[in-house]
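To keep things clear, I will list the structure first and then write my remarks on it.
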2 protein chains.
Amino acid sequence: MTDNYHHGDLKNALIQAGLTILSQEGIQSLSLRKVAKYVGVSHAAPYAHFADKQALVAAIAAEGYKRLYEQVSAAAQANADDPRTQLIETAWAYVQFALYSPDHFKVTFSGVVEHEHDYPDYLEQAKKNFTLMVKVVTACQAYQLLPQGDTELLVIGIWSGIHGLIHLLLGNQLPGAVLTRYSTREMLLAQLNQLLISHDGDSHP
Amino acid sequence: MTDNYHHGDLKNALIQAGLTILSQEGIQSLSLRKVAKYVGVSHAAPYAHFADKQALVAAIAAEGYKRLYEQVSAAAQANADDPRTQLIETAWAYVQFALYSPDHFKVTFSGVVEHEHDYPDYLEQAKKNFTLMVKVVTACQAYQLLPQGDTELLVIGIWSGIHGLIHLLLGNQLPGAVLTRYSTREMLLAQLNQLLISHDGDSHP
DNA sequence: CCATTATCTTTACAGTGTAAAGTTATTCTT
DNA sequence: AAGAATAACTTTACACTGTAAAGATAATGG
């Protein structure tokens, strides 16, 4: 066990090391050789568990989707009683994950350049998240908080809005003037309020 | 002129070579040495014009914003008579640019990792585009096609929606089932119609 | 016309992904 | 339990990357 041979759980150790590097040094510093060194293993050792760098990145991306799901589903369960608040807080959880772990978020959503199809783990986590969004939106539709019609199309519309806002924020694309005028949460709420149907008598602090 | 010394317009030639590589081989193949070889110059020659790779990427990104502006402003001018159509067609031009030149789009919006501030050309083009969007949205507000209120905040909301849709499309994040059911344009229209105020008597084919 | 300077080449180095062959420890078979 | 097969890891190697430093060349400005 003290020797380097047969680490035991090298695959996961490499993923964890990748996450650490990602959060400490950023996406530019994420290399196969560095994660290997980090775990204390030769630079070719990862190839016993990952076909190539893309495969490791895909695993890290799948982990990103997994953590995103944990955050979002926690927000969903904490607000199961009010569909409107549930939508807002799940969206907010999504944004927060992205802002707290920007590089992990980037890897998750644009790190696996293509061929996501080759990584079933990734696809599974992606599907799980989408299903959760469908559920939240469906509840809102049932309460007349969102327009009727194809739910999946509506999910894409809402998801696009949140996702795009994050990308513009992370990419520093928004004019500084706007950033000083509004908080991130205000921008998200403005976004969602464009879609949510306002009912008299509602209270939304 | 036949010799390699004093190429004449090496800086632009390198950018053009970068664009060619980007469209032909993708973002992974974009390297300083390759653009240099492509132009027929030594691998260190680019350093006379660009401080580092980031600087070249920033120039390519600025060019991306420039082309995006050309496409979008053309659509704006072609539909100057009808604000609603103008919004839709400018948005569609935006989407089309992204789908026709996905790698150039990616470089433009997530290639300059950070420090965009160091590249005034890039910032200028970015601002130009934002101003155009503000103009289009302002027209829609004047015609009661979009809700009143802070125009820039509204622009961010709309921009986020379009931008996010593109990212999800380019990142292959949308479930295949939805993609077979709706065209890209239908998804964009669904997105915009969530925001646009419907007036009786309007015709929107 | 000569010196300066911008532009480009050559050489060099550390870091990257990955292939191939060798080494070690585990597991499987009998 | 002993040996064979195999999975996990190391070593060595190579092509490619960004970039620094020093040298060569051609245009320019006094």
Side-chain angles (χ1 to χ4, degrees), chain A residues 1-18 20-22 24-61 103 106-107 110-115 118-119, chain B residues 1-18 20-22 24-61 103 106-107 110-115 118-119:
Chain A
M1 181 124 84
T2 57
D3 51 16
N4 283 334
Y5 271 82
H6 297 91
H7 176 282
D9 197 17
L10 182 56
K11 187 170 182 176
N12 281 319
L14 291 169
I15 296 175
Q16 292 305 318
T20 303
I21 291 169
L22 218 45
Q24 287 180 355
E25 310 180 40
I27 200 168
Q28 300 280 2
S29 300
L30 184 69
S31 76
L32 263 183
R33 292 175 102 106
K34 194 173 263 182
V35 293
K37 184 182 286 181
Y38 201 95
V39 172
V41 96
S42 93
H43 67 263
Y47 284 91
H49 302 277
F50 299 101
D52 52 14
K53 191 189 179 185
Q54 271 299 306
L56 171 61
V57 170
I60 293 175
D103 292 287
K106 284 178 194 166
V107 165
S110 48
V112 188
V113 202
E114 23 202 334
H115 309 299
D118 298 348
Y119 307 101
Chain B
M1 179 121 87
T2 57
D3 51 14
N4 282 336
Y5 269 84
H6 296 88
H7 176 282
D9 196 17
L10 182 56
K11 186 169 181 175
N12 282 318
L14 291 170
I15 296 175
Q16 292 304 319
T20 303
I21 290 169
L22 219 44
Q24 287 180 356
E25 309 179 41
I27 201 169
Q28 300 280 0
S29 300
L30 184 69
S31 77
L32 263 183
R33 292 175 100 106
K34 194 172 264 183
V35 293
K37 184 181 285 181
Y38 200 96
V39 172
V41 95
S42 91
H43 67 263
Y47 284 91
H49 302 277
F50 299 100
D52 52 14
K53 192 190 177 183
Q54 272 298 307
L56 171 61
V57 170
I60 293 176
D103 292 286
K106 284 178 194 167
V107 166
S110 48
V112 187
V113 200
E114 22 204 334
H115 308 300
D118 298 347
Y119 307 101

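So you know, we letter chains A, B, ... as the sequences are listed, proteins then strands, and number each from 1.
A straight line from NE2 of A/His43 to P of C/dT18 spans 12 Å, rounded to a whole angstrom. For B/Arg33 and C/dT10, the CZ to P distance is 13 Å, given to the nearest whole Å. A straight line from CD1 of B/Ile21 to P of D/dC16 spans 14 Å, rounded to a whole angstrom. One atom, CG of B/Asp9, and another, P of C/dA6, lie 18 Å apart when rounded to the nearest Å. Going from atom CD of B/Gln28 over to atom C1' of D/dT17 covers 13 Å, rounded to whole Å. Distance B/Lys34 NZ to D/dG18 C1': 15 Å, rounded to the nearest Å. As rounded to whole Å, 18 Å separates atom C1' of C/dA19 from atom NZ of A/Lys53. When rounded to the nearest whole Å, the span between CD of A/Gln54 and C1' of C/dT16 equals 15 Å.
Taking every side-chain heavy atom of A/Tyr47 into account, C/dT18 is the closest of D/dC9, D/dT17, C/dT18. When distances are taken from the side chain of A/Val41 to each of C/dT18, D/dC9, C/dC8, the shortest belongs to D/dC9. Checking D/dG18, D/dT11, D/dC9 against every side-chain atom of A/Leu10, the shortest atom distance belongs to D/dC9.
Residue contacts shown for B/His49 are limited to sugar-phosphate atoms, with no base heavy atom under 4.0 Å away.
How far CG of B/Leu14 is from CG of B/Asp9: 9.5 Å, rounded to the nearest 0.5 Å. The NZ atom of B/Lys34 lies 12.5 Å from the OG1 atom of B/Thr20; values are rounded to the nearest 0.5 Å. Going from atom OG of B/Ser42 over to atom OH of B/Tyr47 covers 11.0 Å, rounded to the nearest 0.5 Å.
Using a 4.0 Å cut-off, no side-chain N or O of A/Ser42 falls inside it from OP1 or OP2 of D/dT11.
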Exercise. Going through the distances and angles, do B/Val57 and B/Tyr119 end up as a side chain to side chain contact (heavy atoms under 4.5 Å, CB included)?
Worked result: CA-CA 10 Å; B/Val57 170; B/Tyr119 307 101; over 6 Å; no
Exercise. How far apart are the C-alpha atoms of B/Leu32 and B/His43, what are their side-chain angles, what is the distance that settles it, and do they pass the side chain to side chain contact (heavy atoms under 4.5 Å, CB included) test?
Worked result: CA-CA 7 Å; B/Leu32 263 183; B/His43 67 263; over 6 Å; no
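Nearest-nucleotide mapping onto DNA chain C: of A/Ala51 and B/Pro46, the residue sitting toward the 5' end is B/Pro46.
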